[in-house]
Amino acid sequence: MTLPTIWRFTSLFTLLVFVTGEPSNRTFPNHFKFGVATSAYQIEGAWNEDGKGESNWDHFLHQHPEVVVDKTNGDVACDSYHKYKEDVKLLKDLGVDFYRFSIAWTRIVPLGRKDSGINPDGIAYYSNLIDELLANGIEPYVTIFHWDTPQTLEAVGGWLNSTIIDHYVSYARLLFELYGERVKHWLTFNEFSQFCEEGYSTGKKAPFKTLVGVGGYQCTHNALIAHAKTFDMYVKEFKYTQKGLIGLSVDTAWAEPKTDSILDKLAAEEEFMFDYAYYLHPIMAGDYPAALKRKINFKSFFQGYHPSRLPKFSRQEKKLLKGSFDFIGLNHYTTSLCSWSTTKFPSPSKLDDCGVKQSQDPSWKISASPWLAQVPYGMRKVLVWIKENLNNPPLLITENGWSTSDSNLDDEDRMEYYKKYLAEVLNAIHDHGCNVIGYTAWSLMDNMEWASGYTEKFGLVRVDFASPNRTRTPKDSFYMYQTIIKNKKLID
Ligand code: GBH
């Protein structure tokens, strides 16, 4: 018997299954935490109230309402800026251990640059929210940046311009000074791939730029450095006294080979490297994966890009990046099938650099978001991949959820999705020893789904966007999640 086999037979989980019977009786570990997530632009509204500055999303959707399918924007959204106490009541009722929300940079530093002034009313808003959460026994988990770049910085290139790095670090330092006594979990960034690749390469998110094959890499590079510098600053200036933890949220779909062929397996590995390892390897090991560098540099050379379209980290930056996390946040929703593309992608582009064609299995159930298919095993496979390839870091699932086009209260499909995905989280923990420390449902309530406006609803709570009151009503999934949290296990 090989060592791993012996381990499998003698490990605690085997005993547990033996003692408790069926896998469906499995429980979440005692220290496991449950939460829900939102982000500032998607729920707050009050886009220009009480001294808030303009963000890139404010700016762009006011100028180009047509980029959003229902021509809406986040000017009012769920009006959480005014209704945060009601939101906290819902959270309390739901029974979550923590609430993951994001801070709007422009509410704190309206013009993006700290030296241009800070906004006391914005500072008070988050201070009140944090106090309200703590008074109700809910821990604040704060995302420092969830895509709403100050427009003043966007106007000079946003994340393509490396001067944003220092502005971001000063803004983050201010947050630690203001809230670090009360906030013990920080996420520097939400999903590089979405605001970088979609923001600057494919033009699906603000600032809707289409510098295909170039912009996304540059943005990611600057944001990774901003992350590393912020981690370093926190460790040097705050960690000893505040004793908090810093991580970041990186999203990925699971990449499943389309068939059993060796070629499809290689294609799936390639896709996962471009989708996930590209962002996480620098945080873990201090640089992009060697195979990814080789490929992009090689293609760039023959495309006439000197230097490569993939920027290089300096020695100092590599040192800062390596190990710059206390925990890793994972946003996971779906899976795609991978094979090598037989048709040419536009060149240069990240798609062409990767070279893999992705598709969905016709049998998969699709949500109101065309990209989001229900494939529960993908959750387990991502978690096991992380365990095996990244040395089993503390892993917090920072987003997972299902969209519907209506906001019916009997949301069966959402309940089914959550049950099946959570069952795979349990399998990852019990069968594979994955170090999953918590789970976050996206989202507390229906909200502004970026370029999809209000047409894709992810909420456990319905929001009546037709009423000025933005009336909130819990859906069936809300009560189901409440029961799961209470029992720390799944119920039928
Ligand atoms: C999260 O991103 C965000 O953090 C959150 O703000 C958002 O509300 C939530 O998801 C729900 O979408 O196939 O070209 O149409 C999830 C990441 C976003 C990755 C959509 C896949 C598909 C782009 N996903 N994207 S496309």
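Every heavy atom of this structure was used, including side-chain atoms; hydrogens, water molecules and symmetry mates were not. Whatever order the structure lists them in is the order used to number ligands and atoms, beginning at 1.
Counting heavy atoms under 4.0 Å from ligand 1, residue Glu456 does not touch it at all.
Considering backbone and side-chain atoms together, Asn447 places no N or O closer than 3.5 Å to any N or O of ligand 1. Ligand 1 has a nitrogen or oxygen under 3.5 angstrom from a nitrogen or oxygen of Tyr333. Not one N or O of Asp251 is nearer than 3.5 Å to an N or O of ligand 1, by distance alone.
Rounding to the nearest 0.5 Å places CD of Gln151 at 4.0 Å from NE2 of His59. Interatomic distance, Asp353 CG to Leu310 CG, rounded to the nearest 0.5 Å: 8.5 Å. Expressed to the nearest 0.5 Å, how far NE2 of His332 lies from CD1 of Ile397 amounts to 9.0 Å.
If you check each of His332, Glu399, Gln194, His146 against atom 25 (N) of ligand 1, the one with the closest non-hydrogen atom is Gln194. For atom 23 (C) of ligand 1, the candidate residues are Lys204, Glu449, Glu191, Glu198; the nearest heavy-atom contact is made by Glu198.
At least one heavy atom of Gln42 sits less than 4.0 Å from an atom of ligand 1.
Checked against a 6.0 Å centroid threshold, the rings of Phe208 and Trp57 count as neighbours. Residues Phe28 and Phe34 place their aromatic rings such that the two centres sit under 6.0 Å apart.
Taking a cut-off of under 4.0 Å to the non-hydrogen atoms of Asn190, the atoms of ligand 1 that pass are 4 (O).
A perpendicular orientation is assigned to the rings of Trp385 and Phe272, their planes being inclined by more than 60° (bins at 30° and 60°).
Few gaps surround NZ on Lys209; more than 12 heavy atoms of other groups in view lie less than 6.0 Å from it.
If you check which protein heavy atom lies closest to atom 24 (N) of ligand 1, you get Trp371 CH2, 3.8 Å.
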